[in-house]
A.B. asks: 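Would you mind keeping the following structure in view while I ask a few things?
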2 protein chains.
Amino acid sequence: MKSTIPDTGVPFAPPAGNGGDRQEASLHGEILLRLRDYVVEGNIPDGARVPERQLCEMLGISRTPLREALKVLAAEGLIELLPNRGARVRQLSQRDLEELFDVMAGLESLAGRLACEAITDAEIIAIEQLHYEMYGHYLHRDMHGYFQANQRIHESIVAAARNETLKAAYANFAGRIRRVRYSANFARKRQRWAEAMREHEAILDALRRRAGSELSDILFQHLRNKRTAAIEHLAEPQEDAPASP
Amino acid sequence: MKSTIPDTGVPFAPPAGNGGDRQEASLHGEILLRLRDYVVEGNIPDGARVPERQLCEMLGISRTPLREALKVLAAEGLIELLPNRGARVRQLSQRDLEELFDVMAGLESLAGRLACEAITDAEIIAIEQLHYEMYGHYLHRDMHGYFQANQRIHESIVAAARNETLKAAYANFAGRIRRVRYSANFARKRQRWAEAMREHEAILDALRRRAGSELSDILFQHLRNKRTAAIEHLAEPQEDAPASP
DNA sequence: GCCGACTATTTTGCATTCATTTTTTGTCCT
DNA sequence: AGGACAAAAAATGAATGCAAAATAGTCGGC
């Protein structure tokens with residue numbers, strides 16, 4: 001039960017300048033991107049065994065670059081590499097999820113604190129825009145739109161922190177959680193929605209005042225509450241699935 | 001100037017249960033551990049080019065497992081992999097260091113907050129012991145002893161957070177910074193020493209009261225101050241190197 | 001009929017080999 | 001002599017081959 005990539009945590013890659021594009025020269029790099037998406041999007045069932053050969057012909061490459069990509073994904077924590085027994089999609093226990101949410105809370109909390117030091121008025125206005133947009137989705141019970149706007153707000157805060165290292169770490173953890181979201185059908189309870197909206201107002205308020213320490217607290221609590229909702233949801237799935245208008 | 005492991009950050013490996021041992025079955029895993037230490041300890045000069053062949057015969061293996069290990073190290077951010085141009089030790093700019101310190105500050109800040117929820121009296125007492133020990137080293141101007149005790153205190157706080165995911169991430173970032181410490185001879189200024197001691201008192205105080213939010217703030221500031229000291233030190237090296245008694 | 005041991009097939013881990021690309025060296029021309 | 005071009009050498013990226021381990025399948029025993 002020991003992973004090949006053992007006790008050391010892998011933080012993340014260099015800032016690498018480019019934020020969003022995914023051009024990639026080398027084959028194994030290309031494979032890495034594709035495989036990561038493939039796993040994150042939940043195309044492989046939890047804990048499923050995936051023979052290398054099968055992936056090879058699926059991707060049309062030989063085993064060497066594939067294995068290199070697998071090692072990296074294992075270091076990222078998306079899959080497990082059991083010695084002589086192949087790669088498995090990493091199955092997250094409830095405890096793992098709790099830990100992940102807490103780390104995300106810590107990172108966002110940090111992002112908020114740093115953002116207060118550097119954010120511009122224009123950026124705040126942009127976030128306010130997203131906030132109102134999100135509020136609209138909330139009123140219309142549009143879960144998907146709400147969710148997206150919400151994500152963009154949090155990403156904006158991370159971006160405003162002006163810290164590529166943080167951004168990379170954030171993206172990595174977000175990816176791990178996203179996989180769970182894809183697999184389990186993450187609907188949020190209505191009551192939590194209202195709470196979340198109120199919390200977001202407080203976030204904006206603290207951000208406007210550049211109250212770093214305060215914002216840090218609020219963001220942590222906000223994510224903590226998200227965590228609780230998520231865990232409860234996992235315990236008893238699909239309660240109060242929102243009707244799309 | 002693009003790394004093969006591109007924009008995505010690699011967070012870190014699974015908890016993997018075992019905290020400290022480094023038994024490793026697979027060859028590439030063994031190689032990974034040895035290479036990581038080798039790099040972290042600064043045996044390779046910054047930005048130096050290291051031909052694979054040379055590493056292979058140094059480690060007595062073929063290129064395949066070596067390259068797998070290199071990919072992982074690149075994902076961890078310790079080295080850079082330039083397409084068709086080999087591996088280079090990642091050179092951290094001053095900005096990179098600032099970012100790293102800030103992320104460390106965020107993680108420790110989080111650790112403190114979580115620790116307040118779960119830490120036992122016994123653990124607090126143990127940390128107090130370390131604190132007094134550190135104070136002794138401080139009085140004796142024993143930088144090395146001071147430094148070690150200090151590190152153990154921070155590790156204890158992270159351990160008390162009861163979050164293996166956080167612990168792994170922390171270890172990864174700590175490794176990146178440690179490399180700089182090995183290379184540049186990190187002496188701390190005396191004035192900063194006194195400040196740091198006071199801050200540590202405040203940390204202990206907040207910890208005893210389980211004041212999570214407060215501790216979070218103090219730890220962040222503490223690390224922020226460390227950051228400032230480190231950056232200043234890099235700018236004008238070895239000022240006030242402490243005489244060992 | 002079910003459980004356990006033995007064999008065959010598959011799969012992983014690593015070494016070796018091949019094809020490009022890069023870097024170095026050597027030579028020639030200005 | 002200095003620089004540019006060209007060829008050789010070396011290094012990287014990927015594919016293939018081979019040995020060891022694991023899985024599955026079968027047979028035999030109880």
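Small disclaimer: the values here were computed from a predicted structure and weren't measured. Throughout, protein chains are lettered first and strands after them, A, B, ... in sequence-line order, and every chain is numbered starting at 1.
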A.B. asks: With sequence neighbours excluded, tell me which residues meet salt bridge (charged side-chain N to carboxylate O under 4.0 Å, His left out) with A:Glu133.
C.D. replies: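 In terms of salt bridge (charged side-chain N to carboxylate O under 4.0 Å, His left out), with neighbours along the sequence ignored, A:Glu133 is linked to no residue.
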A.B. asks: Mind listing the residues from residues 51-60 of chain A sitting with a heavy atom below 4.0 Å of DNA chain D? Number order is fine.
C.D. replies: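 Residues of residues 51-60 of chain A that come under 4.0 Å of DNA chain D do not exist, since none gets that close.
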A.B. asks: Taking 4.0 angstrom as the limit, do B:Glu76 and B:Arg36 come out as a salt bridge?
C.D. replies: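 B:Arg36 and B:Glu76: salt-bridged.
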A.B. asks: Specify the separation, in whole Å, of atom CD1 of A:Ile79 and atom P of C:dT12.
C.D. replies: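 It works out to 12 Å between those atoms.
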A.B. asks: Rounded to the Å, how far apart are A:Leu70 CG and C:dT11 P?
C.D. replies: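 Those two atoms, CG and P, are 15 Å apart.
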A.B. asks: If you pin A:Ile61 and A:Arg88 to their nearest nucleotides in DNA chain D, which one's is more 5'?
C.D. replies: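 First, find each residue's nearest nucleotide; the 5'-ward one identifies A:Ile61.
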A.B. asks: As a test of reading the structure: which of C:dC14, D:dA15, D:dT12 is closest to the side chain of B:Ser26, going by heavy atoms?
C.D. replies: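 From the listed options, C:dC14 comes nearest.
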A.B. asks: Please state how far atom CG in B:Leu32 lies from atom P in C:dG13, giving the value in whole angstrom units.
C.D. replies: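 Between P of C:dG13 and CG of B:Leu32: 14 Å.
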A.B. asks: Go through the structure and list residues passing salt bridge (charged side-chain N to carboxylate O under 4.0 Å, His left out) with A:Glu123, not counting sequence neighbours.
C.D. replies: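 Partners of A:Glu123 by the salt bridge (charged side-chain N to carboxylate O under 4.0 Å, His left out) criterion, ordered by chain and then number, come out as A:Arg162.
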A.B. asks: Establish, for the pair A:Arg224 and A:Phe101, whether the NZ or CZ atom is under 6.0 angstrom from the six-membered ring centre and no further than 45 degrees off its axis.
C.D. replies: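 No, A:Arg224 and A:Phe101 do not form such a contact.
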A.B. asks: Determine whether B:Leu35 and B:Leu59 make a side-chain contact, defined as any pair of heavy atoms from C-beta on separated by less than 4.5 Å.
C.D. replies: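 With C-beta onward as the side chain, the pair touches.
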A.B. asks: Check whether any side-chain N or O of B:His28 sits under 4.0 Å from OP1 or OP2 of C:dG13, and answer yes or no.
C.D. replies: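 Indeed not, no polar side-chain atom of B:His28 lies that close.
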A.B. asks: Measure NZ/A:Lys71 against C1'/C:dG13 and give the value in whole Å, please.
C.D. replies: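 Value for this atom pair: 8 Å.
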A.B. asks: Classify every nucleotide of nucleotides 18-24 of chain C by which part a protein heavy atom approaches to under 4.0 Å, writing B for the base, S for the sugar-phosphate alone and - for neither, in 5'-to-3' order.
C.D. replies: ---SSS-
A.B. asks: So does B:Arg53 have more than 12 non-hydrogen atoms from other groups sitting under 6.0 Å from CZ?
C.D. replies: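 12 or below, so no.
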A.B. asks: Does any donor-acceptor pair link the side chain of B:Thr64 with the base of C:dA15 at a separation under 3.5 Å?
C.D. replies: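 Result: at least one qualifying N/O pair found.
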A.B. asks: For B:Arg178, check salt bridge (charged side-chain N to carboxylate O under 4.0 Å, His left out) against everything at least two apart and list the hits.
C.D. replies: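 By the salt bridge (charged side-chain N to carboxylate O under 4.0 Å, His left out) rule, B:Arg178 matches no residue at all.
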A.B. asks: For the pair made of CG in A:Leu66 and P in D:dT16, what is the distance, rounded to whole Å?
C.D. replies: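 Rounding to the nearest Å, CG of A:Leu66 and P of D:dT16 are 14 Å apart.
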A.B. asks: Please report the closest heavy-atom contact between B:Leu81 and B:Ala74, naming both atoms and the distance.
C.D. replies: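 Nearest pair, atom of B:Leu81 first, then B:Ala74: CD2-CB, 3.8 Å.
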A.B. asks: Using whole Å, what does the distance between atom P of nucleotide D:dG13 and atom CD of A:Glu68 come to?
C.D. replies: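 Nearest whole value for this atom pair: 8 Å.
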A.B. asks: Could you tell me which residues satisfy salt bridge (charged side-chain N to carboxylate O under 4.0 Å, His left out) with B:Glu68, sequence neighbours excluded, listed by chain and number?
C.D. replies: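 Listed in chain order: A:Arg67, A:Lys71.
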